[in-house]
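Down below is the structure, laid out as structure tokens.
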Amino acid sequence: MRPRGTLGLMFAADRVQDLLRRLREDVAVLIHSEIDLAKTEVIEKVKIHAKGAMFVAIALPFVLLALFAFLFASIAALALVVPWWAAGLIVGGVLVLVAAILALLGVRAIKKAGAPTPDAAIIEVKATVDDLTKTVEDELEEVRSA
């Protein structure tokens, strides 16, 4: 016949083993779901970036054609006042200035958009880890007190 305390210890050990088995299974499922969430979030952000890049790529040839038309018209208009070569230099200088300003704005917009990281998934994982830590600590405390 076993002493009463030994039976309680065996029960507690079985309970801890069961708790650890369930915890391992739950953590595995949770990790897979968090990975899926992160993948989905990154894919959505990449799609948004790709869509924006596609529209910019489509617009570029039209902008280039319009730029040539305006370039010729502005040089022709300035040639009425100054020689053709001076008109070309003036218009070229203005175009370089405009291009520099637009490039600066583009770089700033890209930096502001940031990398396509799974921000919501990271926050969720941190919260889940905190919850699991608290649950395990509570269960262990309960087992210890039993």
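The structure presented is a predicted model; accordingly, all values stated were derived computationally and were not measured.
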Closest contact, heavy atoms only, L78 versus A87 | CB-CB, 3.4 Å
Give the cluster check for F72 versus V82: same hydrophobic cluster or not, with ILVMFWY residues linked at side-chain heavy-atom distances below 4.5 Å.
-> no
Under-4.0 Å salt bridge between R22 and D18 | yes
Taken to the nearest 0.5 Å, the spacing of D26 CG from I31 CD1 works out to 11.0 Å
Euclidean distance, L132 CG relative to E137 CD, rounded to 0.5 Å | 11.0 Å
Distance (rounded to the nearest 0.5 Å) between K126 NZ and T128 OG1 | 12.0 Å
Are I75 and I90 in one and the same hydrophobic cluster, where Ile, Leu, Val, Met, Phe, Trp and Tyr link if side-chain heavy atoms are under 4.5 Å apart?
-> yes
Decide yes or no on side chain to side chain contact (heavy atoms under 4.5 Å, CB included) for I35 and K39, but give the supporting numbers first.
-> CA-CA 6 Å; I35 289 171; K39 284 181 187 177; 3.8 Å; yes
Would you say L67 and V98 are hydrophobically clustered, going by side-chain heavy atoms of ILVMFWY under 4.5 Å?
-> no
Can you check whether I43 reaches K47 side chain to side chain, under 4.5 Å on heavy atoms?
-> yes
Distance-only, no hydrogens or angles: does the E41 side chain make a donor-acceptor pair with backbone N or O of A120 under 3.5 Å?
-> yes
Consider only side-chain heavy atoms of I, L, V, M, F, W and Y, link residues closer than 4.5 Å, and tell whether L97 and L105 are in one cluster.
-> yes
Find the distance between CG (L60) and CG (L65) and round it off to the nearest 0.5 Å.
-> 11.0 Å
When rounded to the nearest 0.5 Å, the distance separating CG of L37 from NE2 of H32 is 14.5 Å
Distance, nearest 0.5 Å, that separates CD of E25 from CG of L30 = 13.5 Å
Is K134 paired with D131 through a side-chain N to carboxylate O contact shorter than 4.0 Å?
-> no
